[in-house]
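These notes are about the structure you will find just below.
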Amino acid sequence: MQGNGIEIRWHGRGGQGAKTAALLLADVCFKTGAYVQGFPEYGPERMGAPITAFNRISKDEIRVHSNIYTPDLVVVVDESLLTSVDVTSGLKEEGAIIVNTPKSADEIRPLLKGYTGRVYTVDARKISVEALGKYFPNSPMLAAAVAVSKVMERDEFISEMQASYEHKFAKKPEVIEGNMKALNMTFDALTEGAGL
Amino acid sequence: MAKKDRMSGNEAVAYAIKQINPDVMPAFPITPSTEIPQMVSTYIANGEIDTEFIPVESEHSSMSATIGAEAAGARSLTATSSCGLALMWEELLLAASNRMPVVLALVNRTLSGPININCDHSDAMGARDTGWIQIYAESNQEAYDNFIQAYPIAEDPRVHLPVMICQDGFITSHAVMNIELLEDKEVKDFVGTYRPEEYLLNPGNPMAVGPYSVSNYAMEARRNQELALEASKDVIIEVAKKYKELSGRGFELFEEYRTEDADYIMLIMGSAAGTAKQAVDDLRAQGKKVGVLKLRVFRPFPAEEIAKALKNCKAAAIMDRTESYNGHGGPLASEVQAGLYREKIMIETICYTYGLAGRDFTVDHVYEIFGELEDCAENGTKYEQHRYIGLR
C-alpha cells in the first residue's frame with residue numbers, strides 16, 4: 001500500500017468469522033498505536049457464501065476506502081474456497097498466504113495458480129477443537145495473521161488479546177481460556193512447523 | 001480531553017447520539033443503517049441515556065413520528081438508508097416545510113433495482129429537492145463530527161430546518177478505523193439544551209402545525225423556507241468554527257486539498273474523497289499539479305464558492321455517485337456547471353458517474369481520470385462530456 005503499511009485480504013464463508021477476525025486484528029493493532037482499517041465486503045447475505053474482509057495497518061493515516069487488490073498477505077479461512085475463488089489474485093510475490101487446512105504448504109501450493117511466494121498452513125480445526133472443544137477458526141487464523149505479518153510481537157499480541165477477550169466475553173468468561181490457548185497453540189505450530 | 005478510539009461509522013454516529021441524549025428516536029431497521037438504532041436502543045436499555053425509542057412499522061411512520069415528537073417540543077431524530085428514505089419522501093417535505101429541526105442519520109445505499117445493499121448516493125440525491133440540509137462525510141470521524149454539529153445548525157432560529165447527516169454505506173458505516181472522540185460533557189455543552197420557541201405541548205401558547213394554507217400564503221411560506229436554507233450557509237460555517245475551537249478539527253462547506261496551484265481538480269463527495277486525496281499525493285510526487293475539492297455541504301449548494309474555487313484550473317472532473325438519467329451526468333454535474341456558467345468561468349469539465357451500487361472506486365480510477373483531464377486540456381483530445389468510470 002501507499003505509505004508505511006501492510007494490506008491484508010481475508011477469504012472466508014459467511015458465518016465463519018473472517019469479518020470478525022479482520023475487525024479483531026484492527027482492534028488489537030489499534031492498541032499498539034497504529035492507524036487501522038478493518039472492513040468486510042458483503043456479497044449475498046447467507047451462511048456459507050464466500051465473503052471477503054480487509055485490513056490496512058499503517059504508521060500513517062489511512063485515507064483510501066477501496067478494497068485491496070495487491071495484498072501483502074492473504075488469509076484463507078476455508079480451504080474449499082481455493083478451487084472457487086482466485087485467492088492469490090494480486091498477492092505480492094514477496095508477500096505470503098496462510099491457508100486453514102490439515103495439509104502441508106507443499107500440498108497446498110499446487111492449488112495456488114503458480115504463486116511463488118511464501119505459503120503457510122494452519123490446522124485451525126484441530127487447534128480449535130483441542131483448545132475450545134468446538135470449531136471456531138477465527139482465533140487461530142487471527143494468531144496466524146499476526147505471526148506471519150509480524151504487525152506486532154507475540155507477547156504484546158497475547159496480552160492485548162487477553163484484555164480484549166475479557167471485555168468481549170465478559171458474560172461468557174469460560175471461553176476466554178480456550179481462545180487464548182488457541183492463539184498460543186497457533187503461534188507454537190507456526191514457529192515450529194514453518195520456522196517463523 | 002479527546003479520547004482516541006476505533007469505531008465503525010455506525011458506531012461513531014450511535015456514540016454521538018448517546019453523547020447528545022436526544023429526546024425521541026423513532027426508527028425502523030434497514031441495511032446498512034440498522035446498527036444505529038440497534039446500538040442506541042442498547043444504550044437506552046442499559047440506562048445510559050433516557051431517549052424515548054419508538055419502534056415503528058415503516059420508515060413512513062418513523063419520519064412521521066419524528067416530526068410529531070419534534071412538533072411537540074422534543075429534540076428528535078431517526079436513521080435510515082435507501083428504500084427507507086424513499087418511503088419517507090412525503091414526510092421529508094413535511095419536516096422541511098413545517099420547519100422542523102430534526103436530524104436524520106442517513107447511511108447512503110443505492111435505491112433498487114437491481115436490488116442491492118451497497119453504497120451510492122441515489123437515496124440522498126433523490127431527496128435533494130425536499131428542503132433538507134445535506135452534509136456528507138469522508139470517514140467515520142467526519143460522520144461523528146458532522147452529527148454533533150447537526151442540531152446547532154438545525155435549531156438555529158435563522159435556520160429551523162431538518163439536517164441529513166450522510167455517510168457511505170458499508171464503506172464507512174461498517175469499516176472500523178481510528179477516531180478521536182470528545183468528552184460527553186463537551187458534546188452536551190456544544191449541542192446545548194433544546195429550548196424550542198414554539199411547540200405543541202405548550203398550553204400557554206396554542207398553535208397549529210401543518211394546517212392547510214390557501215394560495216395567498218403558501219408561496220410565501222415556500223420562499224421563506226428557501227431563504228432559510230440560503231441563510232443556513234453562514235450558520236453551518238459559524239457552527240464549524242465553534243466546533244474547531246472545541247475539537248481542533250476544522251470544516252467548511254467544502255475542503256480544498258492541494259488545489260491552490262492545481263491545473264486539474266477532482267470534485268467529489270463522501271468516502272471516495274479520501275481515495276482521491278491519496279491518489280493526488282501519489283501524482284504530486286510525480287510532479288503533476290492536481291487537487292481534490294471535497295464537497296461536504298450539498299444543500300445549501302455552494303455554487304458560487306465552488307465556481308470560484310475552480311476558476312484557475314484547466315479542467316475539472318465532476319464526480320457523481322448517482323445517475324440523473326438526463327444524459328449529462330448527475331446532480332453535481334448539473335449544479336456545478338450551472339454555477340460555473342453563472343460566474344462566466346469557462347473551464348473544461350468532464351462529468352463522471354462512478355461507484356454505483358457499491359462498485360469499487362480506486363486510486364487507479366483517480367489516476368485514469370486525471371490522465372483524461374490532462375489529455376483533454378493539453379492535447380485538445382475530445383472526450384464524451386459524460387462518462388462512466390469503473391464500468392465493465
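In what follows, every chain begins at residue 1, and chains take the letters A, B, ... in the order their sequences are listed.
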Nearest non-hydrogen partners of [X] and [Y], listed with the distance:
X        : Y        : value
B:Phe361 : A:Ser66  : O-CB, 3.2 Å
A:Ala34  : B:Asn178 : O-ND2, 3.0 Å
A:Arg63  : B:Tyr257 : NH1-OH, 2.9 Å

Do other residues, nucleotides or ligands put more than 12 heavy atoms under 6.0 Å from [X] [atom1]?
X        : atom1 : result
B:Glu252 : CD    : no
A:Glu174 : CD    : yes
A:Glu177 : CD    : no
B:Glu180 : CD    : yes
A:Lys31  : NZ    : yes
A:Tyr35  : OH    : no
A:Arg125 : CZ    : no

Taking side chain as everything from C-beta outward and backbone as N, CA, C, O, which of these in B:Asp281 sits under 4.5 Å from a heavy atom of chain A? Side chain, backbone, both or neither.
side chain
Counting only heavy atoms closer than 4.5 Å, note whether B:Thr172 contacts chain A via side chain, backbone, both or neither.
side chain
Contact class of A:Phe30 relative to chain B, heavy atoms under 4.5 angstrom
side chain
Donor-acceptor contact present, side-chain B:Asp168 to main-chain A:His65, <3.5 Å:
no
Does the B:Asp360 side chain pair with the main chain of A:Asn67, one donor and one acceptor, at a distance under 3.5 Å?
yes
Heavy-atom distance under 4.5 Å between the side chains of B:Arg6 and A:Asp27, does that happen here?
yes
Measure the shortest side-chain to side-chain distance between A:Arg56 and B:Met177 over non-hydrogen atoms and say whether it is less than 4.5 angstrom.
no
Could you grab the distance from atom CZ of A:Phe39 to atom CG of B:Asn140, nearest 0.5 Å is fine?
12.5 Å
Between A:Tyr69 and B:Asp364, do the side chains contain an N or O donor and an N or O acceptor separated by less than 3.5 Å?
no
